[in-house]
Amino acid sequence: MNGFKYTFLILSVISQIAGLVFLFINPQKGVLFLVTSVIFVLLLIGLLIHERYKEKEEEDRNDYRDY
């Protein structure tokens with residue numbers, strides 16, 4: 001899971017930079033890179049939410065406050 005977070009983060013940053021550069025060279029490709037960047041950010045957010053949900057589930061299973 002950790003590798004996916006860093007991969008999506010790096011791909012998002014690279015596609016944002018490439019999108020800004022390509023906006024001046026080829027606007028269609030620039031927009032495509034920026035849309036790809038948004039998709040990577042959404043995947044990263046989804047992965048972080050899923051990871052937090054799993055952590056919360058584990059905390060609830062290991063909760064011994066009620067004995």
Side-chain angles (χ1 to χ4, degrees):
M1 278 291 194
N2 232 359
F4 286 126
K5 288 191 297 190
Y6 292 124
T7 303
F8 287 144
L9 183 65
I10 290 170
L11 287 174
S12 174
V13 169
I14 289 172
S15 60
Q16 283 179 5
I17 293 170
L20 290 175
V21 170
F22 271 98
L23 275 177
F24 296 107
I25 299 169
N26 187 349
Q28 283 181 325
K29 285 186 182 179
V31 170
L32 180 68
F33 276 116
L34 291 175
V35 168
T36 305
S37 172
V38 169
I39 291 171
F40 284 134
V41 168
L42 292 175
L43 287 171
L44 180 63
I45 290 171
L47 192 62
L48 291 172
I49 288 172
H50 179 70
E51 185 177 291
R52 178 63 186 138
Y53 179 74
K54 281 186 137 185
E55 286 176 3
K56 187 70 172 167
E57 216 173 59
E58 187 176 323
E59 287 175 7
D60 289 342
R61 265 189 275 128
N62 296 329
D63 188 14
Y64 300 111
R65 289 183 287 175
D66 59 347
Y67 66 98

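Numbering starts at 1 and runs along the sequence shown.
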_Residues forming a side chain to side chain contact (heavy atoms under 4.5 Å, CB included) with Val31, sequence neighbours excluded_ = Leu23, Val35

*asked:* Could you work out, with side chain to side chain contact (heavy atoms under 4.5 Å, CB included) as the rule, every residue matching Val38, not counting sequence neighbours?
replied: Leu42

*Any ring pair (Phe, Tyr, Trp, His ring centres under 6.0 Å) pairs touching residues 7-49, not counting sequence neighbours?*
Phe22-Phe33

*For Ser12 and Ser37, work out which heavy atoms get closest and say how close.*
O-OG, 3.4 Å

*Residues two or more places apart in sequence or in another chain: which of them pass side chain to side chain contact (heavy atoms under 4.5 Å, CB included) with Glu55?*
Glu51, Arg52

*Given the rule that I, L, V, M, F, W and Y join up when any side-chain heavy atoms are under 4.5 Å apart, are Ile39 and Leu20 in one cluster?*
yes

*Find out if a path of hydrophobic residues (ILVMFWY) with successive side-chain heavy-atom gaps under 4.5 Å connects Leu11 to Leu32.*
no

*Does Leu48 have any side chain to side chain contact (heavy atoms under 4.5 Å, CB included) partners at least two apart in sequence or in another chain, and if so, which?*
Lys5, Leu44

*List, by chain and then residue number, the residues other than Ile14 in its hydrophobic cluster (Ile/Leu/Val/Met/Phe/Trp/Tyr, side-chain heavy atoms under 4.5 Å); write none if there are no others.*
Ile10

*Between OG1 of Thr7 and CG of Leu43, what distance do you get to the nearest 0.5 Å?*
11.5 Å

*For Gln16 and Val41, which heavy atoms make the closest approach, and how far apart are they?*
NE2-CG2, 4.4 Å

